[in-house]
Amino acid sequence: MSTPEAAPSLDFIRERITADLAAGKNGGKVITRFPPEPNGYLHIGHAKSICLNFGIARQFKGVCHLRFDDTNPTREDVEYVNSIQEDVRWLGFDWADKKFYASDYFEKLYQFAVELIKRGKAFVCDLTPEEMIQYRGAPSVPGKESPYRNRPIAENLDLFQRMRNGEFADGSRTLRAKIDINSPNIHMRDPAIYRIRKAEHHRTGNQWCIYPMYDFAHCLSDMIEGITHSICTLEFEVHRPLYDWILDVLETPCHPQQIEFARLNLNYTVMSKRKLLELVQENRVTGWDDPRMPTVAGMRRRGYTPESIREFADRVGVAKRENIIDLALLEYCVREDLNKRSLRAMGVLRPIKVILDNYPEGQVEELEAINNPEDPAAGTRKVPFSKELYIDQEDFRENPPPKYFRLTPGGEVRLRYAYIIKCVQVVKNAQGDVVELHCTIDPGSKSGGPTSNRKIKGTIHWVSASHSIPAEVRLYDRLFTVEDPGREQEGVDWKSNINPHSLEVLTQCRLEPSLTKATAGERYQFERQGYFCVDARDSAPGKLVFNRTVTLRDTWAKIEGKSQG
RNA sequence: UGCCGAAUGGUGUAACGGUAGCACAACAGACUCUGGAUCUGUUUGUCAUGGUUCGAAUCCAUGUUCGGCAGCCA
């Protein structure tokens, strides 16, 4: 017997699509599209949109097109076309043979513009850009009709053809829709739909010197592809009347429904392509794929999994209200995923030497360690143990605060998978820094041994000094020190909030020898510390570089942070 | 002050006139050879004021606050 279950709640877009389907619209088909402009790398906000559009297509047994919205040759580039495809694929989505470019439609778009002119709904305007701004008015200021607005159709046709022929200079003329110069919606005040740009396009070369504007190209591209639901972000809401107007006037055979949702914002980072580009160009980061960037490429390099990003996109939901998502949710999603799948290893980031006084010189034991306690199938491995070890500086305190469960002078601690040791002597250098610890082991306390069940509060990780391998480890922190760095404030450069400690490079790290074979992109949990990923760009055999994806949840840091006020 | 939107705990998001729920965060505890994971529990919310109704987060009115729009960008 099944108990009555509440239907899984749908977001407002899926709700609407469900209703359309129920009403028999679009012949029962669902076709969406992800339409990036190739003028930058994709970021986590795009990932949300990708998951939405491709996810809806998958869910409703439809398809999602990948369409490059490349109508502005001055800012677009093939580098971006390539990175976008790589990122969408990496995220786990497939556009099959549905890859398109708005530039594929330039000729069709031109013909639609001619048709608009023939229907008396567009005109060639000779106003300069400055004049056009003036004539357009402002939100509360009525517009003024262009003196060229009532040119005869034949003259418009001739002029538009000559615009295409390259007879006029950049910026000297535009083709404008003839709608209503006094519309309360500024986008309806006879918007420009074609401009002259004698620029080389990354795909059409010098074939064109006039290019359609977004508002004209987008709705018609959607229409040409038979898109049923054209999902975009909130700032296009005021464009929808224009979207609909163009398709209505042209009496097109299909009329996609534009639906707007609120874009994703994440705290402690910026999400505008312009700002991200600025960080790249000013070398505030090492590139679009810098692991601190909220770009898909950066997150990939940092060690995020596609699964975790998809899970995140699911959890943030889809709605129309402005939002700023807590970075903690993203981090929760990666930890959740990585905890289940990643192999454990021991690595000492800031080494301090430990000498076991009562352990035989030259003896080496191979101790068994569990590869992943969450997955018994991952098996075990051997870790060498010897008289000289390294432990992390953080795991020893000469003057321990209350509740400190690690190594202290005269205190005991468990070495993971090995023995319980006691610190008997602290060696310092001339500056008073602790450089070496002498300890003794409890021989019976070896994991599995007779006294191994002794209750010891703390367990720490370690590596054998002579067996361990060197590595560089890069620790990342949030790129900005304030929650909403993108918010423009008068007289304040948004870049003044960049976190000067967003990157810390550790070069003295020592890792357990099993990591020798770690290859680019592989992810591990360094026990008690976090998840780390072999850097795909800078790591090499014998010269390992790891990126810290995210720390483990750190209850101790919280306790200590609180007691320090 | 024109037009278009949106307001539910700290952050997101459900509830579609009938018990305000879920997740993250926070807090407390259990367990632990990772201060991880896991488990248990706790705190915190319907923008305001009216109205309709047996009953309102939901419907209506007014107001408030926040966001978007004045590129020949997308």
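A note on names: the letters A, B, ... follow the listed sequences, proteins ahead of strands, and every chain is numbered from 1.
Residue contacts shown for A:Tyr404 include a base, since a base heavy atom lies under 4.0 Å away. A:Glu374 comes within 4.0 angstrom of a nucleotide base, judged by non-hydrogen atoms across all strands. Within 4.0 Å of A:Arg487, counting heavy atoms only, lie sugar-phosphate atoms of the nucleic acid but no base atom. Residue-level contact check: A:Ile133 touches the backbone only, with heavy atoms under 4.0 Å from sugar-phosphate atoms and none from bases. Residue-level contact check: A:Val141 touches neither bases nor backbone, having no heavy atom under 4.0 Å from any strand. Within the nucleic acid shown, A:Ala319 comes within 4.0 Å of sugar-phosphate atoms alone, with no base atom in reach, counting heavy atoms only. Residue contacts for A:Arg553: at a heavy-atom cut-off of 4.0 Å it reaches the sugar-phosphate backbone alone, with no base atom in range. A:Arg315 comes within contact range of the sugar-phosphate backbone alone, with a heavy-atom separation under 4.0 Å but no base atom that close. As judged by a 4.0 angstrom heavy-atom cut-off over every strand, A:Gln525 is placed among the base-contacting residues.
There is no side-chain donor-acceptor pair under 3.5 Å between A:Glu331 and A:Tyr304.
Other residues, nucleotides and ligands contribute over 12 non-hydrogen atoms within 6.0 Å of the CD atom of A:Gln257. For A:Lys422, the NZ atom sits in a loose shell: 12 or fewer heavy atoms of surrounding residues, nucleotides or ligands are nearer than 6.0 Å.
Taking the 5.5 Å centre cut-off and the 30° plane limit, the aromatic side chain of A:Trp556 is classed as stacked on B:G35.
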Q: Using the side chain to side chain donor-acceptor pair (under 3.5 Å) rule, take A:Gln258 and A:Tyr243 through it: C-alpha gap first, then chi angles, then the decisive distance, then the call.
A: CA-CA 8 Å; A:Gln258 176 178 309; A:Tyr243 185 107; 5.5 Å; no
